[in-house]
Amino acid sequence: MAGTKVSTHKVFQSVMEIAQRRGFFWPAARDLYSEAPAGFWIYGPLGIKMKNKIVQAWRNWILKPEGAYEIETPSLLPLAIFKASGHLEHFFDKLVECNQCHTRWRADELLEDKLNVRGIEGASEEELKELLIKHEVRCPKCGAFNWSDVRRFNLMFLTATGAEADEPNMGLRPETTQGSAVEFRRCYMVMRGKLPFIMAQLGHVFRNEISPRRGLIRMREFQQLEVHIFFDPENISPYDKKLEPYLGYKLRFLKLEDADSGKIREIPAKEALESGYTINELITYWLVLYQRFFNEVLGFPLERLRYRELGPDERAHYASAHWDLEVYSEEMGWVELVNNAYRTDYDLKGHSRESGVDLTVQTDGKKVLPHLYEPSIGLDRTIFFELLISYRKDERVWMKLPRNLAPYDAAVFPLLSKEDLIGKAREVEALLSKDFEVFYDEKGSIGRRYRRMDEIGTPACITIDYQTLEDDTVTLRDRDTMLQVRVGIEELPKRLKEFLSGRRLEEIGEPLNQNQ
RNA sequence: GCGGCCGUAGUCCAGCCUGGAUAGGAUGGGGGCCUCCCGAGCCCCAGACCCGGGUUCAAAUCCCGGCGGCCGCACCA
């Protein structure tokens with residue numbers, strides 16, 4: 001990609017360093033308690049501003065136009081929900097490791113294959129080990145008969161409500177989806193919904209990762225931006241119409257068959273749909289929408305984006321089709337930022353079975369158990385990748401963040417720390433603060449203040465100089481080019497807004513030619 | 001979780017091997033002086049041996065454990 005070549009590891013390190021030094025995010029509680037476990041991060045003042053802007057973009061660009069109903073559900077839910085969702089079964093593997101080749105196996109599956117029976121999963125860890133030895137089960141891979149102890153692999157955080165509960169009866173959700181599935185019926189009713197019916201959640205989720213690593217990429221508590229589209233698979237209208245303008249739009253796929261070569265195919269939506277690859281118009285439309293969102297709104301270049309198709313072995317237990325929207329960086333390779341799963345009626349069916357409540361809805365004069373398509377954004381990873389992709393190092397260190405996503409919209413500086421300039425600068429700050437995120441500073445040399453703003457990606461710097469005192473104009477500096485134009489104070493809010501929404505500096509005024 | 005390497009101010013590094021007095025530098029940070037536009041200069045200030053145990057008269061230094069980081073394997077619904 002463009003920009004100075006920096007060794008790959010360095011960029012990751014530099015971004016992490018800036019993030020912690022300038023206040024985007026850092027490891028939670030570590031400063032005071034060195035034993036604080038990994039995988040938990042706090043967002044500092046800058047990180048929160050950036051996060052809020054990304055969430056706002058998602059609400060404005062996806063939820064509102066698509067008519068999604070955003071809700072908020074608890075993080076802690078009764079285990080019955082996770083029984084219905086299949087998470088209990090898939091989160092509590094009892095694993096045994098071959099001491100020779102270090103391959104791990106599910107102990108119950110080894111025994112079921114060997115003994116050709118079902119229903120061993122209820123056995124304890126000790127019983128499983130004994131059974132493995134008693135029946136001389138060998139490692140299917142290397143043939144060794146040398147097992148580790150059977151260990152429980154518990155990927156959900158469990159706890160108990162009520163003073164007297166001694167067995168866990170609740171768990172921290174590993175995805176927000178179950179909240180939407182459980183509340184679907186009432187939400188549909190109170191909103192007088194019809195299919196397709198779209199719900200959305202921003203929420204924290206929890207996974208007890210074995211080894212959290214790589215900063216915000218693998219966390220134990222993280223945030224998802226999820227959209228839950230409930231629909232009748234027999235009738236996906238109005239998505240046939242909605243997709244029409246985008247039939248020529250090229251989706252970027254890494255198909256299962258190209259997994260080895262890594263060859264990305266640019267497939268027009270029409271072709272993806274008609275070949276049956278993207279199943280129906282609804283799913284195709286949402287694949288287009290999210291690729292566009294990441295490209296056009298979050299600013300990831302198309303060549304850095306791809307939908308990687310997951311094979312049957314890789315897919316979640318609930319998914320019949322599954323693409324990861326991945327983003328590429330030189331440092332991290334391809335990393336999944338959005339999980340796009342066609343969950344069919346798996347979730348509603350499970351909850352209907354577990355609760356005994358009929359979750360079918362009336363549509364087109366028939367009863368339908370809706371299917372679910374779910375694009376789920378990993379918010380923390382997205383924030384991290386914005387920084388990673390934006391990082392630049394030339395004579396400056398700076399962040400080429402999309403202008404609308406930078407923590408601060410603009411900085412206001414008096415050129416020198418003189419009373420008359422400071423007074424005027426404070427006026428300008430007050431004028432802009434109503435509509436923008438503004439940073440004010442009067443300390444140190446002007447160059448140093450500019451560079452600090454460059455480092456956190458602030459797109460515009462506004463400087464009050466002696467000419468301001470004469471004619472009420474200020475300079476507006478473009479982060480990317482370091483060029484400046486003079487703008488009258490009374491039209492500054494309007495001009496700044498134009499600039500932030502993408503207008504080039506040259507279209508706002510004649511660039512001054514005062515820096516080299 | 002396994003193996004390898006590693007852990008000193010916010011950051012980067014020296015000191016560790018060969019134990020010894022006030023742990024040194026750069027950068028960053030705060031304050032001030034100066035300064036009419038890009039990390040300038042000068043002065044002042046604050047700031048660290050990951051945690052716990054052991055050996056020793058004495059531990060940043062040697063040993064053990066924990067926690068954390070990087071790389072690889074595994075895991076990643």
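Side-chain atoms are counted along with the backbone in the values below, which use heavy atoms only and exclude waters and symmetry mates. Since the structure is predicted, the reported quantities are computational estimates derived from the model, not experimental observations.
- On the C1' atoms, B:U18 is 11 Å away from B:C62, given to the nearest whole Å.
- The same atom, P, is picked in B:A9 and in B:G52; the two are 16 Å apart, to the nearest Å.
- The ring pair (Phe, Tyr, Trp, His ring centres under 6.0 Å) search around A:Tyr307 returns A:Phe253, not counting sequence neighbours.
- For A:Arg173 and A:Phe206, the positive end is not near the middle of the six-membered ring at less than 6.0 Å and at most 45° from its axis.
- If you find the closest nucleotide of RNA chain B to A:Asn208 and to A:Glu395, the one lying nearer the 5' end belongs to A:Glu395.
- In RNA chain B, consecutive stretches of 3 or more Watson-Crick or G-U wobble pairs with both distances under 3.5 Å are given as paired ranges: B:1-7 with B:67-73, B:10-13 with B:24-27, B:29-33 with B:41-45, B:50-54 with B:62-66.
- The separation of B:G32 from B:G68, taken at their C1' atoms, amounts to 40 Å, rounded to a whole angstrom.
- Between A:Phe24 and A:Trp41, the ring center distance fails the sub-6.0 Å criterion.
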- Message: Is there a side chain to side chain contact (heavy atoms under 4.5 Å, CB included) between A:Ile283 and A:Trp323? Walk through the geometry before answering.
- Response: CA-CA 11 Å; A:Ile283 292 174; A:Trp323 294 271; 4.0 Å; yes
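- Across all strands shown, A:Glu455 has heavy atoms under 4.0 Å from base atoms, whether or not it also approaches the sugar-phosphate.
- One can find a donor-acceptor pair under 3.5 Å joining the base of B:C37 and the side-chain atoms of A:Asp465.
- On the C1' atoms, B:G4 is 23 Å away from B:U8, given to the nearest whole Å.
- For A:Phe436, there are no ring pair (Phe, Tyr, Trp, His ring centres under 6.0 Å) partners, not counting sequence neighbours.
- B:U11 and B:A48 have their C1' atoms separated by 12 Å, with the value rounded to a whole Å.
- B:G7 and B:C16 are spaced 13 Å apart, taking the P atom of each and rounding to whole Å.
- Of the residues near RNA chain B, A:Gly444 and A:Asp454, the one whose nearest nucleotide (by heavy atom distance) lies more toward the 5' end is A:Gly444.
- Here A:Ser445 reaches the OP1 or OP2 of B:A40: one of its side-chain N or O atoms lies under 4.0 Å away.
- Here the nucleotide nearest the side chain of A:Leu416, chosen from B:U35, B:C76, B:C37, is B:U35.
- Near-neighbour residues of RNA chain B inside residues 336-353 of chain A, defined by a heavy atom below 4.0 Å, are absent.
- A salt bridge does not link A:Lys400 to A:Asp454: none of the charged nitrogens lies less than 4.0 Å from a carboxylate oxygen.
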- Query: Which is it for A:Thr73 and A:Ser180 under the side chain to side chain contact (heavy atoms under 4.5 Å, CB included) test, yes or no, and what are the steps along the way?
  - Reply: CA-CA 8 Å; A:Thr73 63; A:Ser180 291; 5.8 Å; no
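- Of the candidates B:C37, B:C75, B:C38, the closest approach to any side-chain atom of A:Arg218 belongs to B:C75.
- In this structure, A:Glu72 has no side chain to side chain donor-acceptor pair (under 3.5 Å) partners at least two apart in sequence or on a different chain.
- Nucleic acid contact for A:Pro174: base, since at least one base atom lies under 4.0 Å from a heavy atom of the residue.
- One C1' atom belongs to B:C76, the other to B:A58, and the distance between them is 49 Å to the nearest Å.
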Kindly list each side-chain donor-acceptor pair under 3.5 angstrom involving residues 409-424 of chain A, sequence neighbours excluded, with atom names and distances?
unit_1, atom_1, unit_2, atom_2, d
A:Asp409, OD1, A:Lys53, NZ, 2.6
A:Asp409, OD2, A:Glu437, N, 2.8
A:Lys424, NZ, A:Asp472, OD1, 3.0

- Task: For the pair A:Val227 and A:Tyr373, evaluate side chain to side chain contact (heavy atoms under 4.5 Å, CB included) and give the outcome as yes or no after the intermediate values.
- Result: CA-CA 8 Å; A:Val227 173; A:Tyr373 175 73; over 6 Å; no
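- Residue A:Lys83 places its NZ atom among 12 or fewer non-hydrogen atoms of other residues, nucleotides or ligands, all under 6.0 Å distant.
- Remark: aromatic rings of A:His317 and A:Tyr346 are close, center separation under 6.0 Å.
- Ion pairing between A:Asp441 and A:Arg449 fails under the 4.0 Å rule for side-chain N and carboxylate O.
- Residue pairs meeting the ring-ring contact (aromatic ring centres under 6.0 Å, His included) criterion with at least one partner in residues 460-489 of chain A, sequence neighbours excluded, are absent.
- The CG-P distance, from A:Leu512 to B:C36, rounds to 18 Å in whole Å.
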With the criterion being N/O to N/O and under 3.5 Å, what pairs connect the protein with nucleotides 3-10 of chain B, and how long is each?
none

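- B:C33 and B:A23 are spaced 33 Å apart, taking the P atom of each and rounding to whole Å.
- Because its NZ or CZ atom is not both nearer than 6.0 Å to the ring centre of A:Trp398 and within 45° of the ring axis, A:Arg479 does not count as a cation-pi partner of that residue.
- What separates CZ of A:Phe222 from C1' of B:C76 is a distance of 10 Å, to the nearest Å.
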- Message: Using salt bridge (charged side-chain N to carboxylate O under 4.0 Å, His left out), reason through A:Arg304 and A:Glu330 one step at a time and then give a plain yes or no.
- Response: CA-CA 10 Å; A:Arg304 288 183 183 274; A:Glu330 288 75 6; 3.5 Å; yes
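- Here A:Tyr43 pairs with nothing under the ring pair (Phe, Tyr, Trp, His ring centres under 6.0 Å) rule; sequence neighbours left out.
- Using a 4.0 Å heavy-atom criterion, one finds that A:Tyr318 contacts the sugar-phosphate atoms exclusively.
- Counting non-hydrogen atoms under 4.0 angstrom, A:Arg477 reaches a base of the nucleic acid.
- One atom, CD of A:Glu175, and another, C1' of B:C76, lie 14 Å apart when rounded to the nearest Å.
- Partners of A:His204 by ring pair (Phe, Tyr, Trp, His ring centres under 6.0 Å), not counting sequence neighbours: none found.
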If you restrict it to nitrogen or oxygen atoms, what contacts under 3.5 Å exist between nucleotides 29-33 of chain B and the protein, and what is each distance?
unit_1, atom_1, unit_2, atom_2, d
B:G29, OP1, A:Arg452, NH1, 2.6
B:G29, OP2, A:Arg448, NH1, 2.8
B:G32, OP2, A:Lys443, NZ, 2.9

All N/O contacts under 3.5 Å from nucleotides 47-49 of chain B to the protein, with atom names and distances to one decimal?
none

